[in-house]
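Residue numbers begin at 1 in each chain, while the letters A, B, ... track the order of the sequences.
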Amino acid sequence: MPYDFSVIEPKWQKEWADAKIFEVEADPSKEKFYCLEMFPYPSGALHMGHLRNYSIGDLFARFLRMQGKNVLYPMGFDSFGMPAENAAIKHNTAPSEWTWSNIEHMTEQLKRAGYSYDWRRRVETCSVDYYRWNQWLFLQFYKKGLVYRKHAPVNWCDKCQTVLANEQVIDDGVCWRCGTPVTKRDLDQWFIRITDYAQELVDCLDELKEGWPERVLTMQRNWIGRSEGVHFQMDIADTDLKIEAFTTRIDTIFGVTFVALAAEHPHVKKLAEMAGGKKKEEILAFAKRMASRSTIERTAVGVDKEGIDTGFFAVNPVTGEKSPLWIADYILMDYGTGAIMGVPAHDQRDFDFARKYNIPIITVVRPVDGPAEDGATMACAAAADGIACNSGFLDGLPTEEAIKKAADWFEEHGKGKREIQFRLRDWLISRQRYWGTPIPMVYCDHCGVVPVPEDQLPVKLPLDVEMPKNGGNPLALRPDWYNTICPVCGGPARRETDTMDTFFCSSWYFDRYTSPWVSDAPFDKDAAKYWMTVDQYIGGIEHACLHLIYARFFTKVLSDLGLLPPDMREPFKRLLTQGMVIKDGAKMSKSLGNVVDPDEIIKRYGADTARLFILFAAPPEKDLDWSERGVEGASRFLGRVFRLVEQNLENLKKASAQRLKLSELTDAADRKMKRITHSTLDRVTKDIRDERQFNTAVARLMELTNALIAFAPKDEKGWAVMREAVETLLCCLSPFAPHITEELWHMLGNEDFLSVHRWFEVDESALVEDSVTVVLQINGKVREQFEVPAGLSKEDLLAEVMSRDATKKRLEGKEVIKTIAVPGKLVNIVVKG
RNA sequence: GCCGGGAUGGCGGAAUGGUAGACGCUCGGGACUUAAAAUCCUGCGAACGCAAGUUCGUGCGGGUUCAAAUCCCGCUCUCGGCACCA
């Protein structure tokens, strides 16, 4: 009977499901392991990226299960979002119908791939049972003061017809989903105070060093953008106005030669008024022109800085000197205070600006080993640390100390204080879209903004909607839905028609998995306490500053709300960011027409082959080059394993299941086979557990298979050795190719499931070698290799090598200068002549 | 500009101071077959050589070492992230 995956795979999928071997319960007596993949958006069908993500996850889940851990391995769908609305318009159906049919289809696909999920725990964020808890959590956040409504300039995508969070504006100001340039709009929107947690979000990155990729930590650190500095005030001469400024380089305060405001700064209008006349018109015109520029225009490389002199002067709080007050386009209103002290000698941007407008440049920091540069002739700003000069009481101090002393001065004189600034902005969660969680708020003419009482949740999304053809939110066109009664006064009120950013849903779904059946809370506290945190998370790098920041933030808040234990501050202990799947040099995508359909591959080669290829072709973090030939290679390998067992089946079944010790084996080939078996087991275990090097683990298993094919047992002992080797191979291969290994395991007469069988133990005594190959080097160049008994000391090895005729011959007529012997490895003889 | 990753055969990739190229793919030779597919055996970094073998070889230039893909110094190219963030 040949290897027929089309029979074997469905058969074992059914057996596993019937026996419920992948269903788990919290059990504090057992050590748990929570293995999680970033859940998919139900776009219609699985793509290769999904297959790669989940093949890695299933490998971990199966491996750890076999290692005896109580493994939580769930799957669900991130099923709210724009594409459902677009598809609904295109196919003239409802977003919910489209979404649910995709969920069912993709679930079937995942089952055909043989992943070992506990399917009872499937979570769909678009189901009322889930999103009602989004609403409930939103209200808890609201009570805690973490939710606020603000009229502010926000990012607007015209194509998606909705606002976006800062994190969703990428690549110089375009929408993360559709690539449309983002514009600014002034709107009333709901924000979440993620900035309250900015400091902790940075601090905890250190705890994640062990298990997270360095680059993700760096990206988050950059995104949160913590900087320490001094916040201080400056008077505007001859007015009552004061300017608030922030700087990280307070040590350069003596080098201030101008002060600049952002065009949107509230003082701009006042100053224009005070200036009056022609100057007023000029200032207002300038501010208007700057405000109308898009993010792209403002941040394009090489754009000249622009500014206008207000004619006013700011007073330096230390020196009392007056510096001209400018309005400049490179000052951002939404960072710091929207005003800066200009120190052109030591800041490149200020330098560019000063040169353009002939503002004086004064150096106040000199290099450690030389004199200060001349401000009039220097080519660029000297931003590096050095020694303070021309700086009164700071003179002679190295930058770090000068900063400290200057900051102390400001605090002592009550003119400013130390402050920490973050780049991170609050999270805008309102979306002017239909297919999302309704924000549980109502607007009453008498009572204002009123939260929906918890006992009135859920605010259900109507499913019988017609999507407006020209875009926009159908909820806003449904008076029957949005007209309601004020929970406070009972008068007429209107529901919030915006829905929540879908990243809200995905910020706590992993908590829900721990107890998806509870109906009186988002999740069961005890279940979460047992299962959380996620031990291994797997997904794409694209979420480094989106989902992965929001989920970290949520976990801290849920912990503070008492829903998670107080010390549970981080959701994901280890993170693996898998590489992309590449074909013909580019990422697989519909628009490039280079997609390979996982279903097709599974149909043609089987799930085991597809999974094995994916895990073998590249290390998990690297991009994977899709190769049909490579898939065939994986298929060939599984065929070899199948035939190996099948062709020796009778003898293997008869063979003793007893494990013979190496010391009980006398035949050299048997001993060698035994050693290979255990060194393979040892290395594969380490590759998976410690190194996460699945490609090399597969390579070892191929080597073991090659050795087994060449192995010819001579007697009963030999067959016992072979049986042990074959079963070890099946055990190690099981997490990679679970169906074929399960089949062969049962063919050998085993009755339990290999999928949940205990991982084999390495017999350390079987790793001991009789002899080792050592290399003879002359002057560092390899000359020959030969066998010596294992365990020789340095001296004995050297003596052994030097006594060989071949060695003596090589050294004839040469003077030995030095010898180096590395036991078990090599001997290097340094000679002259 | 700043931060991070990477560069090894025809290709994907092994090797973290000690035999460079494991394992696989491609390609060549052979066996089986009427034939093909499948399968099995075998060769495969480059140069010279009938061979034994010798020399060269891990992006480039230096250095440390008996010994460097690996460590140090200085570059080049490339991929990714952030970027008037004060």
What nucleic acid atoms does Arg425(A) come within less than 4.0 Å of, heavy atoms only: base, sugar-phosphate, or nothing? nothing
Contacts of Arg810(A) meeting side chain to side chain donor-acceptor pair (under 3.5 Å) (sequence neighbours excluded), chain-then-number -> Glu784(A)
Cut-off 3.5 Å, no hydrogens considered: what does the side-chain donor-acceptor table look like for residues 338-346 of chain A, sequence neighbours left out?
from	atom 1	to	atom 2	distance (Å)
His346(A)	ND1	Ala382(A)	O	2.9
His346(A)	NE2	Val364(A)	N	2.9
His346(A)	NE2	Val365(A)	N	3.2

From the candidates A83(B), C85(B), C56(B), the one with an atom nearest any side-chain atom of Trp223(A) is A83(B)
Contacts of Trp626(A) meeting ring-ring contact (aromatic ring centres under 6.0 Å, His included) (sequence neighbours excluded), chain-then-number -> Phe613(A)
Is it the case that C84(B) (base atoms only) and Lys305(A) (side chain only) share a donor and an acceptor within less than 3.5 Å, ignoring hydrogens and angles?
yes
Rounded to whole Å, CD1 of Ile709(A) lies from C1' of C40(B) at a distance of 10 Å
Inset, instruction - Determine the Euclidean distance between corresponding P atoms of G24(B) and U39(B); express it in Å to zero decimal places. - result: 14 Å
Taking pairs as Watson-Crick (N1-N3 plus N6-O4 or O6-N4) or G-U wobble (N1-O2 and O6-N3), each distance under 3.5 Å, the stems of three or more consecutive pairs with RNA chain B are B:1-7 with B:76-82, B:10-12 with B:23-25, B:27-31 with B:39-43, B:45-48 with B:53-56, B:59-63 with B:71-75
The ring-ring contact (aromatic ring centres under 6.0 Å, His included) partners of His231(A) (sequence neighbours excluded) come to none
| field | G13(B) to G18(B) separation - P atoms, rounded to the nearest Å | value | 22 Å
For this session: Determine the Euclidean distance between corresponding C1' atoms of G4(B) and C41(B); express it in Å to zero decimal places.
Result: 48 Å
Applying side-chain contact (heavy atoms from CB on, under 4.5 Å) to Ile829(A) and Lys818(A), what does each step give before you reach the verdict? CA-CA 6 Å; Ile829(A) 304 173; Lys818(A) 187 173 183 181; over 6 Å; no
Separation of G12(B) atom C1' from Lys583(A) atom NZ, nearest Å, is 15 Å
query: Thr337(A) near the nucleic acid: base, sugar-phosphate alone, or nothing, with a heavy-atom cut-off under 4.0 Å?
result: nothing
Span that lies between the C1' atom of C23(B) and that of C71(B), in whole angstrom: 28 Å
Distance check: side-chain N/O of Lys781(A) vs OP1/OP2 of C56(B), anything under 4.0 Å? yes
Classified by glycosidic angle (syn within 90° of 0, else anti), G4(B) comes out anti
Parallel, tilted or perpendicular, judged at 30° and 60°: which one describes the rings of Phe353(A) and Tyr357(A)?
tilted
Decide whether a cation-pi geometry holds between Arg574(A) and Trp212(A); the criteria are a distance under 6.0 Å from NZ or CZ to the six-membered ring centre and an angle within 45° of the ring axis. no
**Asked** Say you pick atom P in G10(B) and the same atom in G57(B); how far apart are they, in whole Å?
**Response** 16 Å
Rounded to whole Å, OH of Tyr330(A) lies from C1' of C85(B) at a distance of 13 Å
With sequence neighbours left out, the residues meeting ring-ring contact (aromatic ring centres under 6.0 Å, His included) with Phe351(A) are none
Just checking Asp623(A): base, sugar-phosphate only, or nothing, at a heavy-atom cut-off of under 4.0 Å?
sugar-phosphate
Between A68(B) and G21(B), how many Å separate the two P atoms, rounded to a whole number? 16 Å
Rounded to whole Å, the CG-P distance (Asp329(A) to C85(B)) equals 12 Å
TODO: Answer with base, sugar-phosphate or nothing: what part of the nucleic acid does Pro213(A) contact at a heavy-atom distance below 4.0 Å?
DONE: nothing
Exercise for the section: In whole angstrom, give me the gap between the C1' atoms of U16(B) and U58(B). Expected result: 14 Å
- prompt: Rounding to the closest angstrom, what is the interatomic distance between A20(B) and A15(B) at atom C1'?
  reply: 7 Å
A correct 5'-to-3' footprint of nucleotides 15-31 of chain B, with B, S and - meaning base, sugar-phosphate only and no protein heavy atom under 4.0 Å, is ---BBS-BBSSS-----
>> Does G6(B) have OP1 or OP2 under 4.0 Å away from a side-chain N or O of Arg215(A)?
In response: no
To the nearest angstrom, the CD-C1' distance between Glu214(A) and G81(B) comes to 13 Å
* To do: Look at the rings of Phe694(A) and Phe736(A) and say which category their plane angle falls in: under 30° parallel, 30 to 60° tilted, over 60° perpendicular.
  => perpendicular
Those residues at least two apart in sequence (or on a different chain) that pass side chain to side chain donor-acceptor pair (under 3.5 Å) with Lys242(A) are Asp235(A)
When rounded to whole Å, the CZ to C1' distance for the pair Phe422(A) and A86(B) reads 16 Å
By side chain to side chain donor-acceptor pair (under 3.5 Å), Trp427(A) pairs with (sequence neighbours left out) Asp501(A)
To the nearest angstrom, the OH-C1' distance between Tyr3(A) and A38(B) comes to 16 Å
note: Phe613(A), atom CZ; C11(B), atom P; distance rounded to Å ~ 17 Å
The residue, Lys622(A) or Thr247(A), whose nearest nucleotide of RNA chain B is more 5′ is Lys622(A)
